[in-house]
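Report on one structure; see the data block that follows.
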Amino acid sequence: SASCFAPLQKTVASPGRGILAIDESSATCGKRLASIGLDNTEVNRQAYRQLLLTTAGLGEYISGAILFEETLYQSTTDGKTFVDVLKDQNIMPGIKVDKGLVPLPGSNNESWCQGLDGLASRCAEYYKQGARFAKWRTVVSIPCGPTALAVKEAAWGLARYAAIAQDNGLVPIVEPEILLDGDHGIERTLEVAEKVWSEVFFYLAENNVLFEGILLKPSMVTPGAEHKEKASPEAIAKNTLTMLRRRVPPAVPGIMFLSGGQSELEATMNLNAMNQSANPWHVSFSYARALQNSVLKTWQGQPENIEAAQKALLVRAKANSLAQLGSYTGEGESDEAKKGMFQKGYTY
Ligand code: 13P
């Protein structure tokens, strides 16, 4: 019933807090480590996640952390499980449960997301280990169409996953990422996003998913990354909120945006613009790249930089916390935060 998810919703969708997404698969985490010259070993992945999760004071701004399976079962070098580290900061542990993207035959070079086989038993195991919410990320490409087939498959997969996660006590984060790739204008993104979310909600309802017990992780409605003009935070907020109001029932408690390759600063300013007036849902963040970029650059894999890197994480987390409250001003931001992170054809 709705009441079994209520305490979780109160924690994750609490004012001034959002989600830290550090659920990169081992291969994707390897890309992050390679960017600072580190090998993709379990030791290095653990060290990076320990740096992030043991940041003192993180719980003031972060309500949930999405982990990859490996991280859910890891501990600090002092022997405290990461799950306990999170719980002590009142941060809800979450888990990525999809098995990644593969080519979708019969489409226009599009993908589908694997992971339904064995999902129920994996969810039950993750719950036992302390996870309380789950994430499934699939993607939709505007330059590739999207074809009706790709949209339908994305929506159906998300709905099946959401039903299975709820059945095993996990709150599903529903994430159909509409990729930034392309030179289209913002109107085209709005049109595609409306189509995608209408199908997602159609199939969520068909699978008897409880709307009060889900969270959404949408892309913001922006122009394509290669479009001739950038849009202002106000224009992005207007289009994104228009789309959400048209498609998302108020029964859904929280909207936790992904950053999708926006710069740290853009992601924060856009979220702030979205919170300038009251919304029917908690509107917050679930960023990976836009919370980790300056942390990685500061850390460089050096133990003596850990403290500075954790400070960098707190700066971003606090900025996004203020943006959730609609009171971010952008004062004192570094040049690093302003750099775009968009990479054409980026794959997780
Ligand atoms: P980005 O914020 O880097 O787009 O990551 C989103 C995501 O799905 C990771 O959980």
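Computed from a prediction, not measured in an experiment: that's the story for all the values here. Just so you know, ligand 1 is whichever comes first in the structure, and atom 1 is the first atom listed for that ligand.
Looking at Ala288 next to ligand 1, an N or O pair under 3.5 Å apart turns up. Of the N or O atoms in Gly260, one or more lie within a sub-3.5 Å distance of an N or O in ligand 1. Residue Tyr287 has no nitrogen or oxygen atom sitting less than 3.5 Å from a nitrogen or oxygen atom of ligand 1, judged on distance alone. Note: an N/O pair closer than 3.5 Å links Asp23 and ligand 1 by distance alone.
When only modelled atom types and interatomic distance are considered, Arg316 and Thr268 share a side-chain donor-acceptor pair under 3.5 Å. Arg32 and Ser35 share no donor-acceptor pair across their side chains, judged by distance under 3.5 Å alone. Residues Tyr48 and Gln292 have side chains that bring a donor and an acceptor to within less than 3.5 angstrom of each other.
Ligand 1 places these atoms under 4.0 Å from at least one heavy atom of Arg137: 8 (O). Here is the list of ligand 1 atoms found below 4.0 Å of a heavy atom in Lys217: 6 (C), 7 (C), 8 (O), 9 (C), 10 (O). Those atoms of ligand 1 with a heavy atom of Ala21 less than 4.0 angstrom away are 9 (C), 10 (O).
Ion pairing of Asp23 with Lys135 is present here, as a side-chain N (NZ or NE/NH1/NH2) and a carboxylate O approach within less than 4.0 Å.
At a 4.0 Å cut-off, not a single heavy atom of Glu177 sits close enough to ligand 1 to count as contact. Residue Ala290 places no heavy atom under 4.0 Å from ligand 1. In this structure, Lys135 is part of the shell of residues with a heavy atom less than 4.0 angstrom from ligand 1.
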Between Tyr73 and Phe82, is a ring-ring contact (aromatic ring centres under 6.0 Å, His included) present by the stated rule, with each step listed? CA-CA 8 Å; Tyr73 292 88; Phe82 282 154; over 10 Å; no
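With sequence neighbours left out, the salt bridge (Lys or Arg N to Asp or Glu O under 4.0 Å) criterion links Arg132 to no other residue. Every residue two or more places apart in sequence or in another chain that forms a salt bridge (Lys or Arg N to Asp or Glu O under 4.0 Å) with Asp88 is listed here: Lys80.
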